[in-house]
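Working notes for the structure below.
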Amino acid sequence: MPKRGKKEDVKTGAEPEIDGAEPEVKKGKKGAGKEVDQAVLYEDAPDKLSTADGKKYTLKISSWNVDGVRAWVKKQGLDWVREEDPHIICLQETKCAEKALPAEIKDMPEYPHKYWACSDDKEGYSGVAMLCKDKPLNVTYGIGMEEHDKEGRVITAEFDSYFLVAAYVPNSSRGLVRLDYRQRWDVDFRGYLKGLESKKPLILCGDLNVAHQEIDLKNPKTNKKTPGFTPQERQGFTELLAEGFIDSFRELYPDTPYAYTFWTYMMNARAKNVGWRLDYFVLSKTLQPALCDSKIRSKAMGSDHCPITLYMAI
């Protein structure tokens, strides 16, 4: 999601997210310093490669908001992809027309089946991608509604036993100027997902632009009117889950704090782990028995988001 200058997004105007993150050292009359709290970093637990009943994973998917695919490639983002070696990698905020894609990713032999969705109206805005080792049965773009399908936000791939939906959900923008639109999106996107799920189970991944619960960002109290943590956006996600979906990370780690996937570039937020969990793997409830693990790769650099990875025995 864009964070600087005149870009679309949430967190450039979200200075409250870092309010009070690290109190400044205060000196007394004799210059005595007040000790600053140490940042609490998230440590990703060892990967669980089997389900609760012992079935080994057969599907590995990674997702990453790359904040501009051309810059991300220059920052060696593809080295991480090769090391992680997922069956499918989904990218958000590519901000690049297909004709301008770097050759390093466009010609990447490890993923012979590549799909790109770009904004129709704005060059260098939004955009998602899906790179697959195995060819899907079918691939579609958007959700079938003109209002929502101009910004290159959704790719859906159908496989034998599931749908994979890669999404970059619009945020409400500085001053919440797009909050009404975001609420329409949430309703329409939820309907789209339910339509797919009536045919076969689905996996939704990407930057969903919402921190669902207070545990999902460092400073909830100062961000209740900030895009990504408004009551309306949080309720939209609650209603999605109520339709028969699960947040895979919280399914496995319901009480794990400090697990964030986005940090503003400002005020050294990443080093202090002053972040938000905005990136998700959401699953049909019927896929819960096939869930092995849902990972946050918080040490991977190259964007203001980190990648996430899902293991499934499917």
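- Using modelled atom types, no side-chain atom of Thr94 and backbone atom of Val69 make a donor-acceptor pair closer than 3.5 Å.
- Distance check: Asn209 CG to Asp279 CG gives 8.5 Å after rounding to the nearest 0.5 Å.
- Listed for the Thr230 side chain is no donor-acceptor partner under 3.5 Å among the backbone atoms of Pro227.
- Ser294 and Glu251 are not linked by any side-chain donor-acceptor pair at a separation below 3.5 angstrom, with hydrogens and angles left out of the test.
- Connection of Ile89 to Leu283 is not established within any shared hydrophobic cluster, with ILVMFWY side chains joined at heavy-atom distances below 4.5 Å, either directly or through further cluster members.
- Listed here is the closest heavy atom pair of Lys114 and Asp107: NZ-C, 4.2 Å.
- Across all non-hydrogen atoms, the minimal contact from Tyr115 to Pro136 is OH-CD, 3.3 Å.
- Environment of CG in Asp134: sparse, with no more than 12 heavy atoms of neighbouring residues, nucleotides or ligands closer than 6.0 Å.
- Ile308 and Val81 fall into different hydrophobic clusters, where Ile, Leu, Val, Met, Phe, Trp and Tyr residues are linked whenever their side-chain heavy atoms come under 4.5 Å apart, directly or through other members.
- Distance check: Lys194 NZ to Leu202 CG gives 9.0 Å after rounding to the nearest 0.5 Å.
- Hydrophobic clustering, with ILVMFWY side chains joined whenever heavy atoms are under 4.5 angstrom apart, keeps Val154 apart from Trp116.
- Exactly one residue among Phe245, Phe237, Tyr168, Phe249 makes a ring-ring contact (aromatic ring centres under 6.0 Å, His included) with Tyr280. That residue is Phe237.
- With 3.5 Å as the limit, one finds a donor-acceptor pair spanning the side chains of Ser284 and Glu197.
- We find the CG-OH distance between Leu78 and Tyr111 to be 9.5 Å, quoted to the nearest 0.5 Å.
- A donor-acceptor contact shorter than 3.5 Å is absent between the side chain of Asp149 and the backbone of Gly142.
- Salt bridge present: Lys95 and Asp67 bring a charged side-chain N and a carboxylate O closer than 4.0 Å.
- With respect to Glu214 and Lys224, a salt bridge is recorded, a charged nitrogen being found less than 4.0 Å from a carboxylate O.
- Defined by atom type and a distance below 3.5 Å, a donor-acceptor pair is missing between the side-chain atoms of Trp263 and Asp304.
- Contact record, Arg250 with Thr256: NH1-O, 2.9 Å, taken as the closest heavy-atom pair.
- For Asn273 (side chain) and Tyr258 (main-chain N/O), a donor-acceptor pair under 3.5 Å exists by modelled atom type.
- Within the 4.5 Å cutoff, no side-chain heavy atoms of Thr156 are placed close to those of Val139.
- Between Pro201 and Phe163, the closest side-chain pair of non-hydrogen atoms is not below 4.5 Å.
- Screening His212, Gln183, Arg182 for a side chain to side chain contact (heavy atoms under 4.5 Å, CB included) involving Glu233 leaves a single residue, Arg182.
- Salt bridge Lys200/Glu158: present, at least one basic N to carboxylate O contact under 4.0 Å.
- Put simply, the side chain of Ile314 reaches to within 4.5 Å of the side chain of Leu287, judged on heavy atoms.
- At a threshold of 4.0 Å, the pair Arg277-Asp216 counts as salt-bridged, since one of the basic side-chain nitrogens sits closer than that to a carboxylate oxygen.
- Counting heavy-atom neighbours within 6.0 Å of Lys133 NZ, excluding the residue itself, gives a total above 12.
- Panel note: side chain Thr51, backbone Lys55; a donor-acceptor pair is recorded below 3.5 Å.
- Counting heavy atoms from C-beta on, the side chains of Lys150 and Ser119 never come closer than 4.5 Å.
- From Leu91, atom CG reaches atom OG of Ser63 across 7.5 Å, with rounding to the nearest 0.5 Å.
- A salt bridge links Arg297 with Asp47: the distance from a Lys NZ or Arg NE/NH1/NH2 to an Asp or Glu carboxylate oxygen falls below 4.0 Å.
- The backbone N or O of Lys60 sits less than 3.5 Å from a side-chain atom of His87, completing a donor-acceptor pair.
- For the pair Phe159 and Leu164, the minimum side-chain heavy-atom distance is below 4.5 Å.
- Residues Phe281 and Ile203 share a closest heavy-atom pair of CD2-CG2, 4.2 Å.
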Check against side chain to side chain contact (heavy atoms under 4.5 Å, CB included), Trp72 and Ile105: CA-CA 10 Å; Trp72 174 77; Ile105 191 168; 4.0 Å; yes
His148 vs Met145, side chain to side chain contact (heavy atoms under 4.5 Å, CB included): CA-CA, chis, key distance, verdict: CA-CA 6 Å; His148 303 310; Met145 301 184 73; 4.0 Å; yes
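- Ring geometry for Tyr311 against Tyr57 counts as perpendicular: the plane angle is over 60°, on a 0 to 90° scale with 30° as the lower cut.
- Counting heavy atoms of neighbouring residues, nucleotides and ligands inside a 6.0 Å radius, atom NZ of Lys199 does not exceed 12 of them.
- The aromatic rings of Trp185 and Tyr181 sit tilted, their planes meeting at an angle between 30° and 60°.
- Under a hydrophobic-cluster definition in which Ile, Leu, Val, Met, Phe, Trp and Tyr are linked whenever side-chain heavy atoms come within less than 4.5 Å, directly or via other members, Tyr260 and Trp80 are assigned to different clusters.
- Proximity of a side-chain donor or acceptor of Thr261 to a complementary backbone N or O of Cys306 within less than 3.5 Å is not detected.
- Arg153 has no carboxylate O lying under 4.0 Å from a charged side-chain N of Glu147, or vice versa, which leaves the two without a salt bridge.
- Put simply, the side chain of Ser62 never gets that close to the backbone of Thr309: no donor and acceptor are under 3.5 Å apart.
- Here CG of Asp188 is found 5.5 Å from CD1 of Ile143. Values are rounded to the nearest 0.5 Å.
- Only one option out of Asn171, Asp247, Asp186, Val282 pairs with Leu208 in a side chain to side chain contact (heavy atoms under 4.5 Å, CB included); it is Val282.
- Following chains of ILVMFWY side-chain contacts shorter than 4.5 Å, one can reach Tyr253 starting from Ile296, so the two form part of one hydrophobic cluster.
- Atoms CG and CD1, on Leu131 and Ile88 in that order, are 10.0 Å from each other to the nearest 0.5 Å.
- The nearest pair of heavy atoms linking Ala211 to Leu278 is N-CD2, 3.7 Å.
- Shortest non-hydrogen contact noted between Cys205 and Cys90 is SG-SG, 3.6 Å.
- Phe189 has its side chain out of reach of Leu240: every pair of non-hydrogen atoms, C-beta onward, lies at least 4.5 Å apart.
- A salt bridge is absent between Glu84 and Lys295: the closest approach of a Lys/Arg side-chain nitrogen to an acidic carboxylate oxygen does not fall below 4.0 angstrom.
- The closest donor-acceptor contact from the side chain of Lys218 to the backbone of Lys272 lies at 3.5 Å or more, if one exists at all.
- Using a 4.5 Å heavy-atom cutoff, the side chains of Arg184 and Arg178 are not in contact.
- Relative orientation of the Phe229 and Trp276 rings is perpendicular, given thresholds of 30° and 60° on the angle between their planes.
- Annotation: side chain of Ile155 is not in contact with side chain of Val165 (no heavy-atom distance under 4.5 Å).
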Stepwise side chain to side chain contact (heavy atoms under 4.5 Å, CB included) test for Glu104 and Met108: CA-CA 6 Å; Glu104 295 95 320; Met108 194 175 184; over 6 Å; no
Side chain to side chain contact (heavy atoms under 4.5 Å, CB included) evaluation trace for Asp293 with Leu49: CA-CA 7 Å; Asp293 211 350; Leu49 303 182; over 6 Å; no
